[in-house]
Amino acid sequence: MEEVVCNLCGSNKTKHVYSMPDVHYFPDEWFNVVECEKCGLGYVNPRPTVQELAKYYPKSFYQYFEQSSHEKRYAIEASYLNGTNISNKRLLDIGCANGDFPRYMRKLGWEVEGVETSCNSKLISDFRVYYIDFTQIPLNEPRYDAITAWAVLEHVHDPMGYFRKASKVLKKDGTFVFLVTNFNSI
């Protein structure tokens, strides 16, 4: 575990919001969620190091996607991209897991690519996937009409780095849609 400062503003002044165990895999391990007193960003602190992350996302985590139908959820997520009215639409899905959302989007006419850092997800061979941190993909010019990150940014070590990279690889009128947890829903 490592102690970190706020990824948004760099402050080390936080207040404790709540603690919660990893109820699915490690119920005896508790995590503290804090809120930055300067900017209000919420995050886990201390948090697992990059090297420890695979432990918290075992193969069984990714089997959940196989065992349930997520078509309704994918349709709702796809609706956020309805305003992207261009031909040859190109999507990058960050945290694509086993690739089900990009495959859904491909059925809707999108060219799809993904990013997945976990060694425990299924290998994807039917579309391009970068198996590295999003900030490290070997692109720095506008390529995508849309980038999605569904419940991903709260799990990465450098969310601001993801926003910076998205601004480089997203086309001028592109869309970056992301879902993160909400403090008000506690």
Side-chain angles (χ1 to χ4, degrees), residues 1-36 39-70 73-74 76-77 92-104 113-125 127-137 147-166 176-186:
M1 297 295 244
E2 63 183 358
E3 293 274 343
V4 294
V5 298
C6 177
N7 185 253
L8 183 59
C9 73
S11 174
N12 64 355
K13 304 253 189 249
T14 62
K15 65 179 178 182
H16 182 265
V17 179
Y18 67 92
S19 296
M20 187 168 181
D22 178 341
V23 295
H24 295 290
Y25 302 106
F26 301 97
D28 294 333
E29 291 190 40
W30 286 69
F31 296 90
N32 297 321
V33 174
V34 299
E35 181 177 3
C36 176
C39 72
L41 182 71
Y43 55 99
V44 172
N45 200 20
R47 69 181 182 194
T49 64
V50 171
Q51 295 77 17
E52 294 172 307
L53 280 179
K55 169 186 170 184
Y56 297 99
Y57 301 97
K59 287 186 187 281
S60 57
F61 174 83
Y62 294 94
Q63 290 169 350
Y64 163 76
F65 297 101
E66 299 168 8
Q67 297 165 351
S68 304
S69 173
H70 298 277
R73 186 184 91 207
Y74 296 152
I76 292 168
E77 292 170 349
L92 178 67
D93 184 39
I94 302 171
C96 68
N98 297 335
D100 297 326
F101 179 70
R103 286 186 194 99
Y104 181 89
E113 295 181 16
V115 174
E116 181 54 57
T117 60
S118 178
C119 60
N120 290 324
S121 65
K122 281 190 165 184
L123 285 178
I124 298 167
S125 60
F127 61 89
R128 183 179 194 167
V129 176
Y130 298 96
Y131 287 102
I132 56 176
D133 186 274
F134 173 54
T135 61
Q136 302 302 311
I137 68 171
I147 298 174
T148 54
W150 305 112
V152 172
L153 295 173
E154 67 271 23
H155 299 274
V156 303
H157 279 73
D158 183 15
M160 281 302 295
Y162 277 52
F163 283 101
R164 286 186 196 100
K165 186 68 170 193
F176 183 21
V177 181
F178 56 92
L179 169 74
V180 294
T181 54
N182 180 341
F183 263 170
N184 293 329
S185 69
I186 300 172

Worksheet item: Which pair of heavy atoms, one from Val17 and one from Val34, lies closest together, and at what distance?
Response: CG2-C, 3.9 Å
Practice prompt. State, yes or no, whether a side-chain contact exists between His157 and Leu53 at a heavy-atom distance under 4.5 Å.
Written response: yes
Worksheet entry | Asn98 vs Ser121, side chain to side chain donor-acceptor pair (under 3.5 Å): CA-CA, chis, key distance, verdict | CA-CA 6 Å; Asn98 297 335; Ser121 65; 4.7 Å; no
Discussion item. List the residues meeting side-chain hydrogen bond (donor to acceptor under 3.5 Å, both in side chains) with Glu35, not counting sequence neighbours, and say none if there are none.
Written reply: none
Response to the item:
When every non-hydrogen atom of Pro102 is compared with those of Phe127, the smallest separation belongs to CB-CZ, 3.6 Å
Worksheet item: Do Asn32 and Asn45 meet the criterion of a side-chain donor-acceptor pair at a distance under 3.5 Å?
Response: no
Worksheet item: For Leu92, does its backbone N or O pair with a side-chain atom of Glu113 as donor and acceptor, under 3.5 Å?
Response: no
Worksheet item: Does the side chain of Arg103 reach to within under 4.5 Å of the side chain of Asp100, using non-hydrogen atoms?
Response: yes
Item to complete: Indicate yes or no for a side-chain donor-acceptor contact from Lys122 to the backbone of Gly99 under 3.5 Å, with no hydrogens or angles considered.
Response: no
Worksheet item: About how many Å separate CG of Leu41 and SG of Cys39, when rounded to the nearest 0.5 Å?
Response: 5.0 Å
Practice prompt. Might you point out which heavy atoms bring Ala54 and Asn120 nearest each other, and give the distance in Å?
Written response: O-ND2, 3.4 Å
Item to complete: Can you see which heavy atom on Cys96 is nearest to which on Gly114, and at what distance?
Response: SG-CA, 3.9 Å
Response to the item:
OH of Tyr18 to NE2 of His16, rounded to nearest 0.5 Å, is 9.5 Å
Practice prompt. Apply the test side chain to side chain contact (heavy atoms under 4.5 Å, CB included) to residues Val152 and Val115: give CA-CA distance (whole Å), side-chain angles for both, the deciding distance (0.1 Å), then the verdict.
Written response: CA-CA 11 Å; Val152 172; Val115 174; over 6 Å; no
Worksheet, complete the sentence: Nearest heavy-atom approach of Ile94 to Phe176 is CD1-CE1, 4.5 Å
Practice prompt. For the residue pair Tyr104 and Phe101, categorise the inter-ring angle as parallel (less than 30°), tilted (30 to 60°) or perpendicular (more than 60°).
Written response: parallel
Worksheet item: Between Thr181 and Glu154, what is the shortest heavy-atom contact and its length?
Response: CG2-OE2, 4.0 Å
Fill in: Audit row: Arg47, Val4, side chain to side chain contact (heavy atoms under 4.5 Å, CB included) steps and yes/no
CA-CA 8 Å; Arg47 69 181 182 194; Val4 294; 3.4 Å; yes
Worksheet item: Got a second to check how far Glu29's CD is from Lys55's NZ, nearest 0.5 Å?
Response: 3.5 Å
Worksheet entry | Spatial distance of atom CG (Asp93) from atom CH2 (Trp150) [nearest 0.5 Å] | 8.5 Å
Item to complete: May I ask you to decide if Val5's main-chain N or O and Asn12's side chain share a donor-acceptor pair within less than 3.5 Å?
Response: no
Worksheet item: Does atom NZ of Lys13 have more than 12 heavy-atom neighbours from other groups under 6.0 Å away?
Response: no
Discussion item. Let me confirm one number: the OH-SG distance from Tyr43 to Cys36, rounded to the nearest 0.5 Å.
Written reply: 5.5 Å
Discussion item. Using the side-chain contact (heavy atoms from CB on, under 4.5 Å) criterion, which residues pair with Asp22? Sequence neighbours excluded.
Written reply: His24, Tyr25, Phe26, Phe31, Tyr56
Worksheet item: Distance-only, no hydrogens or angles: does the Glu52 side chain make a donor-acceptor pair with backbone N or O of Thr49 under 3.5 Å?
Response: yes
Discussion item. Would you say that Thr117 contacts Phe134 through its side chain, given a criterion of any heavy-atom pair below 4.5 Å between the two side chains?
Written reply: no
Practice prompt. Evaluate the side-chain proximity of Val156 to Thr135: yes if any heavy-atom separation is below 4.5 Å, no if none is.
Written response: no
Item to complete: Before giving the answer on side chain to side chain contact (heavy atoms under 4.5 Å, CB included), spell out for Met20 and Val33 the whole-Å C-alpha distance, their side-chain angles and the decisive distance to 0.1 Å.
Response: CA-CA 8 Å; Met20 187 168 181; Val33 174; over 6 Å; no
Worksheet entry | Interatomic spacing from CG in Asp133 to NZ in Lys165 - rounded to 0.5 Å | 9.5 Å
